[in-house]
Every structure is written in C-alpha cells, then in structure tokens.
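Quick notes on the structure that follows.
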Amino acid sequence: LIIPHVTLALLDSANDKDPVVREQVRKSILTLGKQQPNKVLSMCQDYLVKHPKLVIGHRVVILQTIELIVKTKIDDISYPKIKSIISLASDEMTRSKDVVPDWQQAASNILVAVGNKYINDIMEEILSKFQPGILPHFFVVQTLASLSESNVYGMVPFLNAILGTMLPMLGMAKQDNMKWVFSSALSHFSESILEYLANLDKAPDPTVRKDTFSSDIYAAYDILYCSWLQSRESKLRLTVAEAVGSMSHLMAHDKLEEQLPKLIPTILSLYKKNTEHYVISKVGRPLMTAAVNVPTCTVIVILLPLQVCAPVDYSNPLTVKNHNEVLRCFSILANTFPDRLVMFVLQKLENSNERIRMGSLAVLRHLINSSMFCLTSVYRFPLQVKKRVVQVISAMAHHGYLELEGGDLLVKFIIQHCALPDTYYRPSDPEEVTNEALRSMCDNTLHLFTTTVGRLTDVLWPMLLYYLTPGQYSNATTPLCKSLTLLGTKKRASQEPNFNIDFNEQGRCLLEGAPFTRCVNGSFPFRSRGHGAPSLSLLNVISPNIHPNAETLWEKEIPALLSYLEGKGPPLNDPRVLEPVASYNIFYELSRFLFLASWLFPQGFLYRCVGVTLQQCSNKEVVQKQLQEILISARHNDAMERAGVAMGIGLCASSHLDATLAKLDDFGKSDAFKKASGIFSLLKDKNDLDVEKMKSTLILCYGYVALHAPEDQILSRIDSDILRSISNLYLLLFPQALYKDTFNALQELLRNILVRDLSPDGLQSVFKHIEEWLSSGQDHERERAMNTTAHILEFYFNNLHVKNMVTFHNLGSLLGRLAPRCTDPNPLVRRAAIDCIYTLLYIQLRYEGFSLDYKDDSVERLITLRESMDNPDHSVLYKTCSELIISKRLPQQQLNTLIFMLFEGLVDSQSNCSRASSVLLNTLLKHRGAGLQDLVSEMLEVLHIRLQMISEDQVKVSVAQSILILATQHLQTVINTLISFPLPFDSWSCEMWIALGADSKLASQIMEMLMEKLNIMVPYVDKKESMMRGGLTKVATSHPLAMTCALKEMMLNGQSQDAVVSLFPQLFSSLLVRLGSSLGVTLPKDINSFGTNRKSPTKLAAGFDVCGVAVEALRILLARAQLDHVVKPLDQEGAWDKMKDPQQHIPGVTLLARAMAKHAGPRLPAIVECLCPCLNNIYECQRVTITAFFSELLNHHVVTELMMMDVLMNNMMERISDPCCTVRMLAVRGLGNIAVGSPEKVHMEEGGGGLLAAMSSGMEEKDDPGKRITLEAMSGLSKVLLYLDKKNVQLLVVYIFMKIKPFLESVSRAERHFCCHGYHPAAARCCHGSGAVFRVGLGLLTLVSWLNSQSGPHTITVT
C-alpha cells in the first residue's frame, strides 16, 4: 500500500530544480523498482500517459528512471509489460518530428536497454518506423546504431536488410544532422559486423560472411566519400571520415585497392581542416591495416611529419590520444615494412629540425616497447631530444640491449646527465625540459636499472664505481652511491664471488682509496643533492673491499653517523661515536687524502676531523704541533676554511683547554707571516695573507673554544685569557656604529642575493626571511624589518628592466603582509609601510608596461598620507589603501593570495594591524568577492581557524561581517560549507552561524532554504543494532541534524527577530515535525562522514543528542518570537524534558499545545495550515507528534473562535484509519476533546453523529494492544453524550447500552471500572424520561458486574 503512494510522490517531485534532488528521486524510484518492477513501471507509464503536457525535463527524468529499472531488473519484468514499455518508448521518441535531444535520447536508451534481451520485439517496433522511401526520424536511425553496438549478436542478422532499406535514404538526406546520424550508424554497423565476424564461434549464425555486406557497404561508401566528406561542417566531416575508416574493412579487396590511393590523402588532408586530429588518426589506423596488404600504397612519408612530430599537450587528453593513435599506425606499418620503416626513421634522426628528431625518437621508443628493433646510438641533442633518448635507453635496457657491446656507453650517457648542474631556471612553458627535470629522469632511470633489470647487475657492478672519482660526475654521487649500495647489498648477502673487487685488476681508475675518498662526503653532507648519507651507506656495504679492519668498525660507527644526519643520533663530537677512530693513524690518512683529493671537498671538514681526533689524543706534544700546523697553514681568506679551523680548535679545547689557549696566545703574538713547515703548507700560497682575516680567524677560534670547553674550566678563563687577547686585537666599536655597520652589511647581503635573481620569485625568496619579523611584538624588530623591506623593494625597482610584459605574481602576498602595517603603533613602521606599498604599486606599473618616469595620481596620494603618519586618520588610511587595492592595480588572479594574507593578519600581535586587516578584508570582499566562488569554502575554513585565535572583540565583529558579505554573494556555497562543519558545532562554528542571523533579509532566505531541505530529507535510517542481536535502531542522518543546529544558532542572534517573526508558522511547524522524527533517534558513529573538508570527526560533546537539539531549537524559537508567556509554563511543568522522553513525549507535546492555545492563539491558524500536509508523511513518529498537538488544540475553545474546528476535526477523522495505533488513539482523543473545547459543535446533529460513529469505531478496534484506543473511545463517548440533544440520546439508548455491555463483562478491570464510574452522568442523561424500569435495570446490571469483579472467586449472583 505504501509503495504506490511513495512512487507517486516521487514522480511528482522528479522535476525538482535542484539536480541533487532529481538524482535522489531517480535512485529512490529505482530502489522501489527493484522490489516491484512491474508495479513501478506501470505507475511511471501511467503517469506519462495521464500527463501528456509535462515539461520536457520532467519527462526525461521519468524516462531515465524507466531505463535504469529495465537495465537492472529486465529478467523480472513480465513480457506484457515489456511490450507496453517498448510501445511507450517508441511513441515518446518519435512523437515530435523535431529533434529534442534530451527527451528522445532518453526514450531511445530505453529501447536499447530492452533490446539487449528482446531484440526481435524491438526490431519489430523500430522497423515499422523505418520504411523504404520515407526519411526516418533522426532517433530511429540513432537507436539502430546504438543497438548494433550494445547487442552485436542480436543485430547483425538484421543489418543486411537494414542496409538495403537505408541506401536509398542516403540520397534523400539533405540536412547535416541526418547525414551525421546515417554516417554514425554506418560506422557502428561496420564495427558490429567486424566484431561478429571475429567471433563466429560465439555467433548465433556462423554462416555470415564479409561479402554479404560488401556491395551495400561500397555503395554507401561512394556516397559518403564523393559527397558528404566534402561538407563544410567539420563535425560531419569527422564523422564521415570515421565511418569510411570502419567501412574500409568490409569493402572488397579490389575496390579498396582502387580507392586507397585517393582515399588516404583525402583523409590526411583533414588534419589541416580540423582541429580534432584524434578522430582522423583513429580513422588512419584501420586504413593502415587495410593498406598494408595493398602494395601500391606508400604512406610512411606522409604520416611522420604531420602528427608524430607535433608537440603533445599532456593537459589535453585528445592530443595524447591522437599521438598514441599515430604511433599505433607505425606499429601496423612495422609489421609489413620493417626495414623501410627503420631506415626512414633513422634518416630522420639526422634532420636538423629538432621537432622531426623528437618525433623520430618517439617512434623508436614505441617500436622498441612493442617490437624487437635495434636502436643505434643517439648521443648529443638538446635537452628536449635527450629526454627522448633517455626513454629509448630505458626501453632498450628492459629488452637486454645494454648487455651487448656498446651498452656501457648508454649507461655513461645516463650517468653524465645525472651530474647535470642546477640552473634554477623556471620555464614559462611547462613542456620545456630543464637540467633539473632531465637529471631527475636519469636518476630514476639508473634506479630502475638497479632494481628492476636483474640482468644488468653484473654490468653495473663494479662499473659504477669508476664514476665516483672523476670531478665531472661529482653531482651524480648521490644516485651512484644509492645504486651501488643496492647492488653491493644484494651481492654481499648472496655471497657472490664478484662482490670482492680486485682493484689492481680493475686498473688505476679504480684505486683502492678512490671510493673511500669520494665517499667521505661527511663534509657538508647536504651538498651535492645530499650526498653524505648515501656515501656513508655505500662505505658500510663495501667495507670488506676497503680494508679488513674497516668492516667491524664501520658497521658500528656508520649507522651512528647516519642517525646523526637524520637528526636522531648524538652529535659528531661525542667521544662515544668517534673514539674508535683515534686508534688509527688518522693524521697520516687525512694528510694523504688532503693532498691527493683536495679538490673533492673543502678542507674545513678535514680540520674538524683533526679537532675531533685531537680530543682523544693524550700526547700533548702532538696536540701542540698539530695546532701550530693548523693555524699557520690555514687559508684565512677562505671563510669556509676559516670556520673549519675554528671548529677544529674548539673541539680540541674540550680536552686540552690550557694547551689550546696557550697556542692561540702564542699565535696572536707571533710573526704571522712566517712560513710554516709541514704537510699543510703544501696546499696553499701564503704570500697574499690578509692580517685582518687572520685576526678574524683567531677571534672565531676563541668563540668555539668558549663553546666547546668544559663549563667548570672556561668561566674563569674568559676574562683572564679570551677577552684580554681579543682586546689586544681590536678597539671596541660604539654600539650605534656597530648597529649601523651591521645593518648596512645585512642590506648589502640581501642586495647581492637579490641581484642574482631579479625576478618576482627572487624577490619572494629574500622577503620570506624578513616577513616573520614584520609582526614581531617588539617595536624595534618591526621597524628594522620594515626598513629592510623598503630598501630591497627600492633596489628591486631601480634595477628592474622589463623586456616583456610579465605578471608580478606575488604582488598580492606582499600587499597582504605590508598593508596592515600602515596602522602600526610605531610611526616609523607606518611610514616605511607606506613607502613599501608605494614602491610595490610602481613595480606593478612597470610590469604592466608603463615607463620608469610614469606617475600615477592614485599612487601619488600615498605620499600625502605619509606626511600625516604621526597622527593618522585611520578612516582615510583604510579608504585610500582599499581603493588602491580594489582598483586595477591588483589583478584578479592575485586577489586570492592577498585575501589569505589578510586572514593571517587577523591575528597580528598589534591590535591596530589586526583591525586594519579586517577592514581591508571586508572592503575587498564587498567589492570583488563576487568573483571568488571557487574559494568560498576554503575562506570559511580559514576564518573558522582564525576565530579560534582572535582575542580582539572588534576583529571578531569584522569576521562576522566577512561571513555575512560572503553569504550575500555566494549563499548556497556558504550554507553548504558551514553545514559540513563537524557536529556538534564548536563555539566558533556557532559564531559563524550566529553571524548569519545579523541581516534579517538574509536570515529569512537562509531559514527558508534550510527548512525546505529539512522538510524533504530523510531524518533517520534504520540500522541493525548488531550482528548478534536482532532489531533495528533509528540512527540520525547528519545533514538534517546539522540544519537543525544551524537554525538554533541563527535564532540566538537578536537581530534575527524580524525574520523569526515573519517565518514563525513555518519555523514552528518544521521544528515540531523535526522534534517528532528525532524521538528515540541515536547519533551515528560516523556523524561527520558527510563533510568533505574535515580531517577527522570531533569528539561528541556531553549532552548532545538528536532530540535535544530539536527541543532546544523550538524553545529558542518561542523566546525569539517573544512568546515568554508560552515558555514560562512549559519551563515550570518540565515540558521540554518530557518532549525528549519517548515515554513522556505525548504529554510533553500536549503541554506545548495547551500553552500555545492559551497564550498564542492568533498564531495557531497559520501553524495548523503548515502542519496539516505533514499528517500524510510516511514517518509514524512525525504523525504522532502532529496528531498529539492537534488533539490538545481541540480541547480549547480558541479553535472555534479562530474557525479552525472543521479543519482539525476533519484531519482527526482521517487519522482514525491511520496505520499507526498511537495516531488512531490520539485522533479518537482529539475527537472526544471537541465536547470539552467546543460543546456547541456536539449539539449539531451532523457533528454529534460523526463523533458517535468515530467513538463506536474506536470501541470496536481490533488492532489495539493495551486497549488504549478502546479506553480513549469510551472516554470520548462519555464526553460526547453529555452534550448531545436529549431526543437524539433517547433514540440511541439501546445502541449505547449494547456498546457498553461487552466492556462491563471485560476481563480488564480498567474497562469495567470506567463503565461503572465514567458513564454514570451519561447514563443518567440517556435514561432521563425513559422510565424507571430501564434506569433500575441499568443500575442493577452495573452493580452486579461491579460486584462480580470485586468478589474474586466467590461470585455474587443477583436475580
């Protein structure tokens, strides 16, 4: 009984304006259709027939639904229903002679879906509308084409007859759309025939042959090629070309050979006429397949220059598909003309045109991946071409070619390009290949060689070791070490003999110490693309090949060093890490490698090694000698080496403080120009030593000594030794002069960095080191940061040379950081901020193409503002900055960055600046927010986060205004985003919803939208409690719950009162219905699963429950509507808690209705009008709540005064037949309450009769667990009898007595008790004037029944 009503309701709403709703309607009808397909299909069919004037969109949705049901349940649909569906779809498809795509396509799809099983019935219907000599309907032909594709084996037997009928029609087709559909059909027919012929073993008729269709296909080809292919309409040309390509496989061999020489050039000429090359290439492939058997066709020279050499736009899928199709053409040609093809491609590799070479390499790569072809060495080309070479080499490796002679050269090619240097070049064209991109590709290729091409293991080991020592491969150290580590680990684990390397046999280029020299990359381990950790890992693996004693030591120490590099281990100068190293003659080894390989790494590293070793040395004479060598031999002009010397000496001081300080003091007093002796003197020429630099080294050494020396020893030596020695070297500068010099040095450093990359990116890389200081809590730090920013911007502007008009893409981010500082408490910061904005805007003008001397009036106004920065007028400042930013000076694409920077400014340490950010933000949103549709969700997310950190009340108000502005421009997006916030809403989410209530008009719109969704969405779903126990639990759906919370929060805003009052009846009814559907409903475990913008659900707040939200929202609604007289008694009587309790819900709703009837009568008619339609809702809980509310209203005379009696009474009469027992009980109660609330209604003959009938029906109720309906009917009857007309009562005496009698004999004590006591007044009224005998008889019968009920087992009988 429910399915028809539900289906009809869904069909009525199938044309909802919201596409999401329409989709949900389709799914819902499909769900019903899966249960009862015949019934639902009949209802859909009847609906279309009974409503012939439905709008197209409505018909389309219903037809699409029919298609879905047919597709999913076709085996369960009866044959008669199939026939009627075919007739309906055919009629819908051809009813209009004009082409109406959506409508007719939907009908056609139904026929195709049915045709998958009932092809004969479909063809009988379709062919009746495909008659010879008559041009058929567009979609008749389209349906035949679709059927041939979806049901090949069913359709092909019909195609011979269809082609015979279709051929004369081709000449009748004059309009392009008919030509197009015929061409498309011929293409589908051809493909279906080919598939049928390719699978004859599965075909129902294996006697079908190609020549069955050849003559008809050729006749159709002649028309398409000679006439239609020349059309001016590009879409038609492409479709005809595609059809011709498919048809060529079915043409007779001699006919095809005759046509190919002119057909192929014609098809290829379409490349110049059409932009969609993929279709043409797709056509070319079947033509190539057909052409390879025709010796007179040569097409190689045509294809390659046209398409293979064209650049591929990987952001455009069609160009990628086109490229692949052309490559497949070459695969076809390669199977027939392999020698000619390879010769041709290799010749093209010598072409001077880079595009031709790239195309040739693409062909070679494709052929190697798909065929076994040999590729000759291709070595030196531009980067774009080299990328192709690397791809070819990779393919060759997987086919075993690198194991052959010459394979080592290809490996060398890869390694050479692993060592490419950084260029830091960012091309504007994403397809342009840079050094970095090619190098990364080669790194990955080398890794693949190592891990996936097992046959290359013996080729690469130990050959890769050769490339560790030459300097030109230094930038390839990281990938080389990683590959060697993988190879060595594998060979060492499997104990392969060739793991052990004979360095003498391998030659001088693989000396025993060379790998060690390169692998000691602990100096600056993060340079050369982080070569430190891979080098140490390789040392650990190959340790048996270096020295017999190294294996045990390195297996212990190298993991510690790796941990240190990862930030997990102890520092390098920890004795536990380097203590074993001291057991070796480290000085000899260090000096040897320092002399032989000083070019490999900075000497600073070796000095630090010496320092760590000296920590462990107990020979004081050796310590003093080495300190002397270090200080005299160091290159003091080299800052890096100077730092290494200081670190080494500092580390030494941790164990030998006295000796170190003594040596530093001697060095400070010595003749520094005296040439030292020893191994370190071999490394440098000291003739140009700068004395000042030597002093710098000495001071730096003292600094590291103070850092590393033991605390208990150094404190007493700082004044007596360190500061005394330093004071002898320099006179202390005044602090102000020192600050000035330091600041100038900083600015010079930043200028030198910036001048290397004088571009927006270079500017940003410098600014990022300054920007964090702009919002410092210290005035002097903000001042210095702002002055530095002003300096670098001025330098940038003065040195800017714009050759081409480019985008100053970081203008928005810079303005977002600087604009709020215009209101900084520090006037110097304010002035510098104005200067920065002034310079920034002129930089933007330069990038826009204006000359260097151009002056803009709006920008020049900032100079005037700058003069008033001591006592600024913030309103004028805000206005000017906003106007400049809103104007054309800030392009739209940079507005996004500016806005998000201003979001960060909302939590600025200076309240003035955070307020400025909020004002600028709101001004921007107000004027340019309409174009930010795609960013609204992200902006609301950020505002939600910022609200958690904002402490300024004024800024919070501005944020609320921002949300309001966004809502006025993008209302639906704002609502969708805020609704998706986790439940329960946190305090900041609540603030955002409350903000939306500030504008009464906007609040009304939002409330209406929320109520509209709330009234149609599923309030809960039934789920099993557990797998072990039966029963269902009502689980709330998240969206309606979130919308209820949203309404509640909006009504908390006092400014929403006008909206609440105007929408009070709708709000009250929606929330009352929501209250009913929330009763006994639990929260879902995945309550926030519908939100796509949340990482994890929030922890549910205590006291948050589904029904409680609805009750609280209802209470807030009454309070906001100023109905305090309603709220007060409800608070006193505990009505709110009762409404939430499933056992006390009806009494709670009764109290609510009573309070509304007593104190808010004038509002009831509109509420009743809104609630009446909801009595037909499918949810029992909603009907129970509404019926309880109406039932109590009938207990009050106000319903008569407001002329609502008939409406309420009629609704109660309808509810007497409700499927729910509780609803029927409440309906009977309400009808009985009429006698109390409106007794005059009972006096009316018609009313009294209807009420008596309703009570009588209730007393006869069979489906009445607990006899609740019966008791209510008896109670109502007793009320009604008191007010019936006496004459009418006397006529009903016997009837009433007969109705009461069974209950006097009932086993239910409650029923007997009610009959004895409840009917006494009514009985007296019934028997008045009817004779004493009747009264006595009724009294005695009553008494006997009562006594029998009281006497227990001892029955008292009265005669």
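The shown structure was predicted, so the numbers you read here are calculated from the model rather than taken from an experiment. The analysis underlying the following values was restricted to heavy atoms, covering all of them including side chains, and did not include hydrogens, waters or symmetry mates.
- Under a cut-off of 6.0 angstrom, the local environment of CD in Gln1143 is sparse, with at most 12 non-hydrogen atoms contributed by other residues, nucleotides or ligands.
- Considering every non-hydrogen atom in both Phe1189 and Leu1164, the closest pair reads CZ-CD2, 4.3 Å.
- No hydrogens or angles considered: a donor-acceptor pair under 3.5 Å links the side chains of His1145 and Thr1185.
- In this pair, His944 and Phe981 present their aromatic rings perpendicular. The plane angle is above 60°, beyond the 30 to 60° band.
- A cation-pi arrangement is absent between Arg1163 and Phe1068 under the rule of less than 6.0 angstrom and at most 45 degrees off the ring axis.
- Counting heavy atoms from C-beta on, the side chains of Val1207 and Asn1211 come closer than 4.5 Å.
- Judged by distance alone, the side chains of Asn976 and Thr973 never bring a donor and an acceptor atom under 3.5 Å apart.
- Among all heavy-atom pairs drawn from Gly1076 and Cys1181, the shortest one is O-CB, 3.2 Å.
- Side-chain contact between Leu1175 and Leu1171 is absent, with no heavy atoms from C-beta onward closer than 4.5 Å.
- Formation of a donor-acceptor pair under 3.5 Å by the Ser1191 side chain with backbone atoms of Gly1230 is found in this model.
- No side-chain donor-acceptor contact under 3.5 Å links Arg22 and Ser13.
- Salt-bridge check for Asp1137 with Lys1140: passed, with a basic side-chain N closer than 4.0 Å to an acidic carboxylate O.
- Val1035 places none of its side-chain heavy atoms less than 4.5 Å from the side chain of Tyr1020.
- Of the possible donor and acceptor atoms, none in the side chain of Thr1222 sits under 3.5 Å from a partner among the backbone N and O of Val1184.
- Checked by atom type and distance alone, the side chain of Thr1082 pairs as donor or acceptor with a backbone atom of Lys1034 at under 3.5 Å.
- We find the CD-CG distance between Glu1272 and Asn1233 to be 8.0 Å, quoted to the nearest 0.5 Å.
- Under a 3.5 Å cut-off, the side chain of Asn1053 and the backbone N or O of Ile994 do form a donor-acceptor pair.
- Using modelled atom types, no side-chain atom of Ser1275 and backbone atom of Leu1271 make a donor-acceptor pair closer than 3.5 Å.
- Within 6.0 Å of NE2 in His51 there are more than 12 heavy atoms belonging to other residues, nucleotides or ligands.
- Listed for the Arg1154 side chain is no donor-acceptor partner under 3.5 Å among the backbone atoms of Glu1192.
- In this structure, Glu1169 places its CD atom where only 12 or fewer heavy-atom neighbours from other residues, nucleotides or ligands lie under 6.0 Å away.
- Atom CD of Glu1112 sits about 8.5 Å away from atom SG of Cys1045, to the nearest 0.5 Å.
- In this structure, Ser1056 has no side-chain hydrogen bond (donor to acceptor under 3.5 Å, both in side chains) partners at least two apart in sequence or on a different chain.
- Panel note: side chain Arg1215, backbone Val1223; no donor-acceptor pair is recorded below 3.5 Å.
- Side-chain contact of Arg26 with Thr65: a donor-acceptor pair under 3.5 Å is absent, judged by distance alone.
- Here the side chains of Ser1238 and Leu1194 are not in contact, with every heavy-atom distance at 4.5 Å or above.
- Considering CG of Leu996 and CG of Leu964, their distance stands at 6.5 Å, rounded to 0.5 Å.
- Asp999 contributes a side-chain N or O that, together with a main-chain N or O of Lys1001, makes up a donor-acceptor pair within less than 3.5 Å.
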